[in-house]
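In what follows, a single structure is set out as structure tokens and then discussed.
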Amino acid sequence: MTDLLIGGMTCAACVARVEKKLNRVDGVSATVNLATGLARISHPPEVGVDLLVSTVERAGYTAQLPSPPLATGDEDEGGEDDGRERLVITAVLAVPVLLLSMVPALQFDYWQWLCFTLAGPVVVWSSSPFHARALSGLRHATATMDTLVSLGVIASYLWSVYALYFGGAGDPGMRMPFSWLPSAEGGTAHLYLEAAVGVPLFVLAGRYLEARAKRGTGSALRALAELGAKDVELKGSGERISVSALRTGQEFMVRPGEKAATDGVVTEGSSALDLSLVTGESTPVEVGPGFRVVGGAVNSGGLLVVRATAVGADTQLARITRLVTDAQAGKARIQRLADAVAGVFVPSIVTVAACVLGFWLGAGADPEAAVTAAVAVLVVACPCALGLATPTAFLAATGHGARLGVLIKDPGALERLRQVDSAVFDKTGTLTTGRMTLVETVVAEGRDATDVLRLAGAVEYGSEHPVGRALVAAARRQAGGEPLPETAGFRAVRGEGVHGRVEGREISVRSPRAARPLPDTLHEGLLRAEEAGHTAVVVEIDSRPVALLAVGDTLRPSSGAAVTKLKRLGIEPILVTGDGSAAAQAVARELGITTVHAGVSPEGKSELVASLRAEGRQVAVIGDGVNDAAALASADLGIAMGSGTDAAIGAADITLVREDMAAVVDAVLLTRRTLATIRANLVWAFGYNVVTVPLAATGWLNPMFAALAMSASSVLVVGNSLRLRADGPRPRRRPQAARRVPGRSAVRRGSDDLSLR
């Protein structure tokens, strides 16, 4: 797969021509995006880049391998400056011509010759890009938007030359009243110098505004390219090196206010990281030794030492940028219809203009009226709006989605998400955090819960079991930063628990099956834990059961609200998990999900998706583990958690960068707004041409106003797409605390297997 940046395209007819030429090469399949100027080309190894570039050049355009996003943005800005200079000079020359032609009170003797002098540079120099591209198209037997503009300008100017030299319009005392319709006063031919300068002026202005608007739709990608740090300070040396020279395993400093240079793990220090620019989460995340850091995150607090775990193209920021780039280079099915129409649009308009000219001349109309109607047809037609209707909307949507933490692989994913009516949720790591947490502490009479947890955490400190890590984390939080007591004689017994001596007492943290008979208070707590699907352990001090600690998974804070909103949007939530029925049903009750499938294998998940689709449902699967990959791939739409496994992310159509179920709702809302915007764009693009071309053909539209309408058409389409950035869902503030909900006995990332202690 190769991407090429195509230069010289101005409308959807150009897109159709480039695609046609590339697809004629054996083994090549190409799609071209007008909004980005990118051609996405699939080709066999024997077809090299040089052949692809030469094929595009033979079609009359330029092609090159794309520069990095940051460099591309700089080039685009330079292009805008060149367009602005041409536009300003054209305006200085054209405005006096427009005023004198449209306001009879300003006309004086020989005014028409002043206008003729000012119009010359506009017709020749200002319009030279249109003439050059039209001539290039003629050499390649094709016609584009530039062909229409060039023909319109030349026809208007040549008619004015005829009127001045042979039609009596050059007389010193000639005055020309302005009218919407062509006319001839006293046998004097009407001048159309205002059309000859107005057409290039308005088209240049429209394309300048259009280019600025398109840069707005792609601003998210440039922002991503600018997020990364440029240099980094290595630990110990104080030396700052380029980020590109950083290697995996090296430790680097992240000072307050600095960006993390790359993905890594904190080895020293603690702080809060602002991830809003990377994942869309606006609440800073507290990190310390052992916590993961994402490149581009801003250090809001203390000094951190980080060990690099990924560099270059392997970082999360690079993957996000790559996904957004790939999505923006894609093309939706609905756009292919518009491109097919645009491919025959310009030749059809040229044919219509010739027929209009012949009809009016054949009907005995004044030649001036016939020429004017033909010129108006050429100028008013706008294939640009057709070509921009869909890609600009997708460009804005994918960029805004990246800021929301929703990464879309291709435009087709948005189209499929719009039709989804059933959402199949994995439980662990998706609706829940996938991390074990202490959810309940029950102590025997006369015992202090704080002291018991401190002792249990101390003896579990040497354990790597998920339950042990959860108890240690809870004990540390309770201690408020104070170190846990030392443990002597630590030993772990498989299937039973851990033992050790703390502060002179023998402490055991056991499975209830291995513990001695429990007091009634602890036994009641055990029953509650089993009913909720939690994992319970018994703490013994000097061989006497003194407490029961229940550990379980926790719901993501946003899961409940997300499920409720999806129901309101007409999407049925379905819970599917490999966990037992008790844990699954408890989660479902908490979230209000009525359809639950528990104890389902990875193959069973895929079979369930197939059965739902066989019922005629449009199914989305949301998961994070290896065991979800088959279901994600077989669904109509796969949505993977960004914290999940590479297998799940690779099989999904959409990746949620921020660990927030509200992102699913944001994706649905963004989709519906995007497709509504596309429909509005296409209705305008088709409707505009359906209405204005007949008006121009029948002589009811002045060529100058036809040029203004044509330019406004493209700007309105792009501007409507930009509304997706302003009116779409906003990045959300993450809730501060997770709810305690029924979980599982133990969690391993990417797995629903039970691992009883």
Side-chain angles (χ1 to χ4, degrees), residues 265-270 287-292 307 433-444 446-519 521-523 525-526 529-530 534-554 743-749 751 753-757:
V265 175
V266 177
T267 58
E268 298 177 26
S270 60
V287 298
F291 281 75
R292 291 190 306 166
R307 184 179 68 254
T433 63
R435 295 184 289 271
M436 303 294 281
T437 304
L438 178 66
V439 295
E440 186 177 12
T441 301
V442 182
V443 295
R447 295 290 181 175
D448 178 62
T450 300
D451 184 57
V452 169
L453 180 58
R454 185 177 64 89
L455 295 173
V459 78
E460 286 281 12
Y461 187 80
S463 172
E464 290 299 321
H465 195 281
V467 172
R469 291 198 297 269
L471 296 181
V472 172
R476 281 177 164 173
R477 286 194 300 270
Q478 176 184 271
E482 293 294 325
L484 297 176
E486 294 289 335
T487 300
F490 172 82
R491 62 192 185 280
V493 180
R494 186 177 179 82
E496 177 183 319
V498 296
H499 310 270
R501 193 163 188 81
V502 183
E503 296 179 344
R505 291 175 286 183
E506 187 68 24
I507 309 298
S508 300
V509 182
R510 300 172 176 263
S511 165
R513 295 192 303 270
R516 290 167 174 76
L518 301 179
T521 303
L522 303 188
H523 186 70
L526 177 61
E530 290 177 345
H534 294 152
T535 297
V537 294
V538 176
V539 181
E540 295 180 351
I541 299 179
D542 295 330
S543 301
R544 296 184 58 184
V546 298
L548 183 134
L549 306 177
V551 176
D553 201 355
T554 57
R744 43 192 279 134
S745 44
V747 179
R748 184 169 66 249
R749 173 68 65 189
S751 173
D753 295 336
L754 299 182
S755 177
L756 291 176
R757 182 132 184 168

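- Ion pairing between Glu460 and Arg476 fails under the 4.0 Å rule for side-chain N and carboxylate O.
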task: For Thr441 and Val452, run side chain to side chain contact (heavy atoms under 4.5 Å, CB included): C-alpha distance rounded to whole Å, both residues' side-chain angles, the deciding distance at 0.1 Å, then the answer.
output: CA-CA 9 Å; Thr441 301; Val452 169; 5.8 Å; no
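- At least one donor-acceptor pair under 3.5 Å links the side chain of Thr487 to the backbone N or O of Ala458.
- The CG atom of Leu438 lies 12.0 Å from the OG1 atom of Thr535; values are rounded to the nearest 0.5 Å.
- Of all the heavy atoms in Ala449 and Val443, the pair that sits closest is CA-CG1, 3.7 Å.
- Between the CZ atom in Arg505 and the OG atom in Ser543 there is a gap of 13.5 Å [rounded to 0.5 Å].
- Across all non-hydrogen atoms, the minimal contact from Gly457 to Val472 is O-CG2, 3.5 Å.
- The two residues Leu549 and Ala456 have their closest heavy-atom pair at CD1-CB, 4.1 Å.
- With sequence neighbours excluded, the residues that form a side chain to side chain contact (heavy atoms under 4.5 Å, CB included) with Ala550 are Val439, Glu440, Ala529, His534.
- Summarising the geometry, atom CG belonging to Leu453 is positioned 9.0 Å from atom CZ belonging to Arg477; distances are rounded to the nearest 0.5 Å.
- Applying the side chain to side chain donor-acceptor pair (under 3.5 Å) test to Asp451 and every residue at least two apart in sequence or in another chain returns Arg454.
- Across all non-hydrogen atoms, the minimal contact from Val551 to Ala470 is CG1-CB, 3.8 Å.
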message: Assess the residue pair Thr521 and Val442 against the criterion (side chain to side chain contact (heavy atoms under 4.5 Å, CB included)); give the C-alpha distance rounded to whole Å, side-chain angles, the decisive distance to 0.1 Å, and a yes or no.
response: CA-CA 7 Å; Thr521 303; Val442 182; 3.7 Å; yes
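- When all heavy atoms are compared, the tightest approach of Thr450 to Gln478 is O-NE2, 2.8 Å.
- Closest approach of Phe490 to Val459, counting heavy atoms only: CE1-O, 3.2 Å.
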- request: Please step through side chain to side chain contact (heavy atoms under 4.5 Å, CB included) for the pair Val509 and Val467, ending with a clear verdict.
  value: CA-CA 10 Å; Val509 182; Val467 172; over 6 Å; no
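- Around the CZ atom of Arg544, the shell of radius 6.0 Å holds no more than 12 heavy atoms that belong to other residues, nucleotides or ligands.
- For Glu486, the side chain to side chain contact (heavy atoms under 4.5 Å, CB included) test picks out no residue, with sequence neighbours left out.
- In this structure, His499 NE2 and Ile507 CD1 are separated by 11.5 Å, a value rounded to the nearest 0.5 Å.
- Once rounded to the nearest 0.5 Å, the distance linking CG of Leu455 with CD of Glu503 reads 6.0 Å.
- The CZ atom of Arg447 sits 11.0 Å away from atom CG of Leu522, with the distance rounded to the nearest 0.5 Å.
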